[in-house]
Protein chains: 2
Amino acid sequence: MVFSTTTQYALKILAYLNEHKEGLCSAKTLSEELDIPYKYLTKIMTKFTKNEMIESVQGRYGGFKLIDSKIITIYDILKLCDGDSAKDCIIGKIECNERKRCHYHDAWQKPRESIKKDFLDADLKGCISKES
Amino acid sequence: MVFSTTTQYALKILAYLNEHKEGLCSAKTLSEELDIPYKYLTKIMTKFTKNEMIESVQGRYGGFKLIDSKIITIYDILKLCDGDSAKDCIIGKIECNERKRCHYHDAWQKPRESIKKDFLDADLKGCISKES
DNA sequence: TCTAATTACTACTAAAAAGTAGTATTTGAA
DNA sequence: TTCAAATACTACTTTTTAGTAGTAATTAGA
Ligand code: SF4
Ligand code: SF4
């Protein structure tokens with residue numbers, strides 16, 4: 001696996017919110033639309049809210065929405081869901097420093113740069129879904 | 001995380017074997033040199049052997065070695081350790097087909113190609129570790 | 001033949017991730 | 001004011017992954 005189930009849920013949720021900027025999306029709607037276990041989803045949503053990645057409105061007719069002014073990168077999402085992973089090297093746990101490179105460094109170099117540049121640093125709102 | 005602990009162990013082990021092609025490496029040596037729990041390591045090694053990714057010699061003075069004739073890609077290792085992941089799309093679990101692309105497809109496109117081409121398809125033996 | 005060092009096998013435990021249950025709190029509208 | 005529908009909170013269960021324990025089988029060499 002590359003991204004955890006939680007991260008994948010998160011990506012789906014935020015993409016959905018991004019496509020429904022007018023008004024609020026309830027956890028029920030998100031759960032049904034995105035096929036994510038309701039209770040698990042609410043757990044994630046609360047975490048997002050606490051970390052000020054999204055806004056929540058409580059009470060009846062409440063729900064969630066993106067914060068317009070806020071730029072969220074995919075790296076932000078990863079940090080929040082998978083913890084402190086996705087650091088510089090994504091292989092990780094293999095000892096290395098400037099002097100000593102692991103066996104895979106060169107092969108990993110290009111993908112690594114591409115992930116960082118084209119994906120992790122990408123603003124969520126800049127990603128556009130297509131249907132054709 | 002990007003690769004599971006098991007996969008990371010596997011990558012380290014195979015890299016080590018690749019750098020010690022003469023003779024056999026015992027589980028004890030591998031465990032100590034690579035700082036991998038002995039019992040966990042032997043479990044992995046047996047699996048590799050069964051899947052004919054490496055050769056084992058039992059009994060005293062036994063150990064493990066790569067099979068010279070065999071090409072092992074990083075994708076092979078992933079398949080064996082993480083199960084059926086690392087399929088075409090590494091985000092996975094997000095529904096898509098040729099008509100409907102998920103929100104992240106374009107941003108993911110380049111990293112995805114790079115991972116596949118430069119890393120997953122790379123022959124283990126072609127990766128070279130450096131010390132300077 | 002015996003032994004010590006090794007891999008192979010079976011089964012268990014611990015930790016982490018994913019998922020579930022129940023209740024409390026909030027809040028707009030009837 | 002009451003109520004229904006929503007988020008927030010606390011705690012638990014299940015599943016998966018990581019790690020451990022003990023023993024059997026193998027084998028080169030003394
Ligand atoms: S040497 Fe390169 S690929 Fe290997 S662990 Fe370090 S940064 Fe990652
Ligand atoms: S649309 Fe592209 S990025 Fe999204 S799940 Fe499908 S292949 Fe992966």
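The chains referred to below are lettered A, B, ... by the order of the sequence lines, with proteins before strands, and numbering in each begins at 1.
- Ring pair Phe3(A)/Phe119(A) is tilted by interplanar angle, where 30° to 60° counts as tilted.
- Rounded to whole Å, the distance from CG on Leu24(B) to P on dT27(D) is 13 Å.
- To the nearest angstrom, C1' of dT7(D) lies 15 Å from CZ of Phe48(A).
- Atom-to-atom, CD of Gln8(B) to C1' of dA18(D) comes out at 13 Å; the value is rounded to the nearest Å.
- Atom pair Asp82(A):CG and dA18(C):P shows a separation of 8 Å (rounding to whole Å applied).
- In this structure, Ser4(A) does not reach the dA17(C) phosphate: none of its side-chain N or O atoms is under 4.0 Å from OP1 or OP2.
- A donor-acceptor pair under 3.5 Å links the side-chain atoms of Asp123(A) to the main chain of Lys125(A), judged by distance alone.
- Residues from residues 54-66 of chain A lying near DNA chain C, meaning a heavy-atom separation below 4.0 Å, are Gln58(A), Gly59(A), Arg60(A), Tyr61(A) in numerical order.
- Apart from Val57(B) itself, the hydrophobic cluster it occupies contains Leu24(B), where clustering links Ile, Leu, Val, Met, Phe, Trp and Tyr at side-chain heavy-atom distances under 4.5 Å.
- Following rounding to the nearest Å, Leu78(A) (CG) and dA17(C) (P) show an atom-to-atom distance of 13 Å.
- Listed by chain and residue number, nothing satisfies the side chain to side chain donor-acceptor pair (under 3.5 Å) test with Ser56(B) (two or more places apart in sequence, or in another chain).
- Rounded to whole Å, the distance from CD on Glu52(B) to P on dA8(C) is 13 Å.
- Between the CD1 atom of Ile36(A) and the C1' atom of dA18(C) there is a distance of 13 Å, rounded to whole Å.
- In this structure, Ser26(A) reaches the sugar-phosphate backbone alone: every heavy-atom distance under 4.0 Å involves primed, P, OP1 or OP2 atoms, never a base.
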Result block: side-chain N/O donor-acceptor pairs under 3.5 angstrom for residues 43-50 of chain B, not counting sequence neighbours:
residue, atom, partner, partner atom, Å
Thr46(B), OG1, Thr42(B), O, 2.9
Lys47(B), NZ, Leu80(B), O, 3.4
Thr49(B), OG1, Met45(B), O, 2.8

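- The aromatic rings of Tyr9(A) and Tyr40(A) sit perpendicular to each other, their planes meeting at more than 60°, with 30° as the lower class boundary.
- Heavy atoms only, all atoms of each residue included: Ile54(B) and Lys65(B) are closest at CB-O, 3.4 Å.
- The residue Lys50(B) sits close only to the backbone: its heavy atoms come under 4.0 Å of sugar-phosphate atoms, none of a base.
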Please tabulate, one pair per line, all N/O donor-acceptor pairs under 3.5 Å involving side-chain atoms of residues 26-34 of chain A, not counting sequence neighbours.
residue, atom, partner, partner atom, Å
Ser26(A), OG, Thr29(A), N, 3.1
Ser26(A), OG, Thr29(A), OG1, 2.9
Ser31(A), OG, Ile36(A), O, 2.8

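- When the side-chain nitrogen and oxygen atoms of Thr49(B) are compared with OP1 and OP2 of dT7(C), none of them lie within a distance under 4.0 Å.
- Protein atom CG of Leu30(B) is 12 Å distant from nucleotide atom P of dT6(C), rounded to whole Å.
- The backbone N or O of Glu52(B) sits less than 3.5 Å from a side-chain atom of Lys70(B), completing a donor-acceptor pair.
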For nucleotides 19-23 of chain D, give me every protein contact, N/O to N/O, under 3.5 Å, one pair per line with atom names.
residue, atom, partner, partner atom, Å
dG19(D), OP1, Tyr9(B), OH, 3.4
dG19(D), OP2, Tyr9(B), OH, 3.0
dG19(D), N7, Lys43(B), NZ, 3.4
dG19(D), O6, Lys43(B), NZ, 2.7
dG22(D), N7, Lys39(B), NZ, 3.0
dG22(D), O6, Lys39(B), NZ, 2.5

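- Regarding contacts with the backbone of dA18(D), a side-chain N or O of Thr6(B) is found under 4.0 angstrom from either OP1 or OP2.
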